[in-house]
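Structure record follows, encoded as structure tokens.
The figures that follow rest on heavy atoms only: side chains count, while hydrogens, waters and symmetry mates do not. Letters A, B, ... mirror the listed sequences (proteins, then strands); counts begin at 1.
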2 protein chains.
Amino acid sequence: MDDAPKKKRPDLSAGEIAPIDRHESLGERAYTSLKDSLVRGALRPGMKLTVRSVAQALQVSTTPARDAITRLIGEGVLVNLGPKTVVVPELTLAALDEITEIRLALEGLAAEQAAAKVTPEDIQELERLQERINRGLDEARYTDVLDANKDFHFLIYRRSGMSRLVAIVESMWLQIGPAFNDLYPEFAQSRTGVSNHLFALRGLQDGDAAAVRAAIENDIRSGYRRLSSLIISRQEGVE
Amino acid sequence: MDDAPKKKRPDLSAGEIAPIDRHESLGERAYTSLKDSLVRGALRPGMKLTVRSVAQALQVSTTPARDAITRLIGEGVLVNLGPKTVVVPELTLAALDEITEIRLALEGLAAEQAAAKVTPEDIQELERLQERINRGLDEARYTDVLDANKDFHFLIYRRSGMSRLVAIVESMWLQIGPAFNDLYPEFAQSRTGVSNHLFALRGLQDGDAAAVRAAIENDIRSGYRRLSSLIISRQEGVE
DNA sequence: ATCGTCATTTTGTTGCATCAAATTTCAAAT
DNA sequence: ATTTGAAATTTGATGCAACAAAATGACGAT
């Protein structure tokens, strides 16, 4: 980036190698932009992407655009319907079933691990995020709800210290995100998630790993029930 | 590929869309080749890769080589030590701990699901694979042991029908594979894994999901104990 | 032997032209 | 209106040159 400040040499003084402080390549930025579009619902299930259209939209050349698309295909977030046809996949019930099982296993594990590691500051931040969720629901601003909900969950998951797990979970969220966004207003009326979040917060305050895990699992199952019934009714409408 | 047969049009007559019959791109082949090199131990922890050296080794241009490297970085199998330094990472104890927790969660789940789905033919194939493992141990042919062991586990995991989970597990195996290969002859003397495999086979024959899961989890824990003690002793030697 | 500086070399990233394969469009036939 | 076949267009993949940034190596000073 031509106006980026000169990078500082990595600080090794802590005796532990610090994260690399470096420019983000155009390919990485394209990848991040596409992920954000998927999560926000700007790219909806069924939509087709091409290297050239993404390049044009992001104002880059085909190489970084293709980097990003290739990476998302590798993650299962985008799929090939033909050798030259890349789309955002529709979420099937089978896919949702599998993704939910994986999420229960991994998000549950992360929640347990996090219970021993969150700080009082973390809990305060989670409370603030829950307030944002509540206000978003009150004001029917579903984008805010989704953003704050994700921030809530991932603050917890990151505290597990399991960066690989967090990356896997993020990929799972990305695979349901477009469908979730597509369907969201239909089931946002329910506030079941709010109570699960409050149970999770309680468990974190108490350092009760099993309770945090149970709350997160219930939250996942609750979301699953709603999404799956909508997928079923959506499929019945189509057939 | 210039000598590939002309592709048949997808058969839609079954009322279900068939898998796409298509060429594999050079980038995908490069990715597969690199994965294979990592699993086989041809790429060892600490080794540095560059786009140009991979391109030369695989006799392709930089674009598919870079495709493959980028994808493996995205999966955590290769890492950047600097903006222009890509390496096969050393396996740390912390990384092994995390990967093992993820494996327990996901491979355990896959084992449970597979218990209801394997066929008598599958069980026969698993028995054959176990014989290959035994012969490999007898004859100190550790490459055969590793190959057959992987085939054994992944035959089970694929029967879960959870393709996303299988892909994640494969990525976890790839992250420990180079270190595993590096360390393998030192701990191949133990045959603990053999009994775990036999328990898994027994459970599959009985349709006992909990028993299959327990056997797979024990196998993972047993491997973890050996790897971790070797990592610790390796680190002590270095320090 | 170690450190700092500077020169040299190497690196990942990017843009873009090209190509064969795939997809889409269009017109004619039914 | 639909189907079919051919033409036109678009596509992903690839090779490669160029570039700025990073890494490496050489050399002198300590």
Side-chain angles (χ1 to χ4, degrees), chain A residues 1-13 17-34 46-74 78-88, chain B residues 1-10 12 17-34 46-74 78-88:
Chain A
M1 193 64 74
D2 48 13
D3 59 342
K6 190 176 180 347
K7 283 175 292 153
K8 200 155 61 82
R9 188 193 288 267
D11 173 24
L12 304 176
S13 60
I17 299 193
I20 294 159
D21 181 15
R22 66 181 175 88
H23 288 315
E24 187 177 53
S25 64
L26 287 178
E28 285 166 356
R29 291 173 63 188
Y31 171 72
T32 302
S33 288
L34 282 182
M47 265 183 163
K48 178 173 151 176
L49 285 80
T50 69
V51 171
R52 288 170 177 82
S53 64
V54 168
Q56 186 170 23
L58 299 179
Q59 292 291 294
V60 293
S61 85
T62 55
T63 307
R66 178 167 178 273
D67 277 355
I69 291 173
T70 300
R71 207 168 145 186
L72 289 166
I73 291 174
L78 298 176
V79 300
N80 282 103
L81 288 191
K84 291 181 189 292
T85 310
V86 179
V87 299
V88 184
Chain B
M1 191 67 74
D2 49 12
D3 59 341
K6 187 176 185 338
K7 281 174 292 151
K8 202 155 64 82
R9 188 192 289 265
L12 306 177
I17 299 193
I20 294 160
D21 179 15
R22 63 183 179 91
H23 289 315
E24 185 179 52
S25 64
L26 289 178
E28 286 165 355
R29 291 174 63 187
Y31 171 73
T32 302
S33 288
L34 283 182
M47 267 184 163
K48 177 174 152 176
L49 284 81
T50 69
V51 170
R52 288 171 177 82
S53 66
V54 169
Q56 186 170 21
L58 299 179
Q59 291 291 293
V60 294
S61 84
T62 54
T63 307
R66 178 165 177 275
D67 276 354
I69 291 175
T70 299
R71 203 168 150 186
L72 289 166
I73 290 174
L78 297 176
V79 300
N80 281 104
L81 287 192
K84 291 182 189 292
T85 310
V86 179
V87 299
V88 183

Output the single nucleotide from dT23(C), dT11(D), dA23(D) whose closest atom is nearest the side chain of Thr50(A).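 Of the candidates, dT11(D) comes closest.
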Would you mind telling me which residue lines up with the more 5' stretch of DNA chain C, Ile69(B) or Ser61(A), judged by nearest nucleotide?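 That would be Ile69(B).
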For the residue pair Pro64(A) and Ala30(A), what are the closest heavy atoms and their distance?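 For Pro64(A) and Ala30(A), the tightest heavy-atom pair comes out as O-CB, 3.7 Å.
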For a quick test of reading the model, state the closest non-hydrogen atom pair linking Ala65(A) to Val60(A) and the distance between them.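 Result for this residue pair: N-CG2, 4.3 Å.
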How many Å lie between [atom1] on [X] and [atom2] on [N], as a whole number?
X	N	atom1	atom2	value
Leu26(A)	dA20(D)	CG	P	14 Å
Leu49(A)	dA13(D)	CG	C1'	17 Å
Asn80(A)	dG12(D)	CG	P	9 Å
Lys48(A)	dT10(D)	NZ	P	11 Å
Glu24(A)	dA21(D)	CD	P	16 Å
Asp67(B)	dG12(D)	CG	P	13 Å
Glu28(B)	dT14(D)	CD	C1'	13 Å
Arg52(A)	dT14(D)	CZ	C1'	12 Å

So how far is it from Lys48(A) NZ to Leu81(A) CG, rounded to the nearest 0.5 Å?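 It is 9.5 Å, given to the nearest 0.5 Å.
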Tell me whether the OP1 or OP2 atom of [N] has a side-chain N or O from [X] closer than 4.0 Å.
X	N	answer
Lys84(A)	dT9(D)	no
Thr62(B)	dG12(C)	no
Thr63(B)	dT14(D)	no
Arg66(B)	dT13(C)	yes

Using atom types as modelled and distance alone, determine if a side-chain donor or acceptor of Thr32(B) lies under 3.5 Å from a backbone N or O of Glu28(B).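 Looks like yes, one N/O pair under 3.5 Å.
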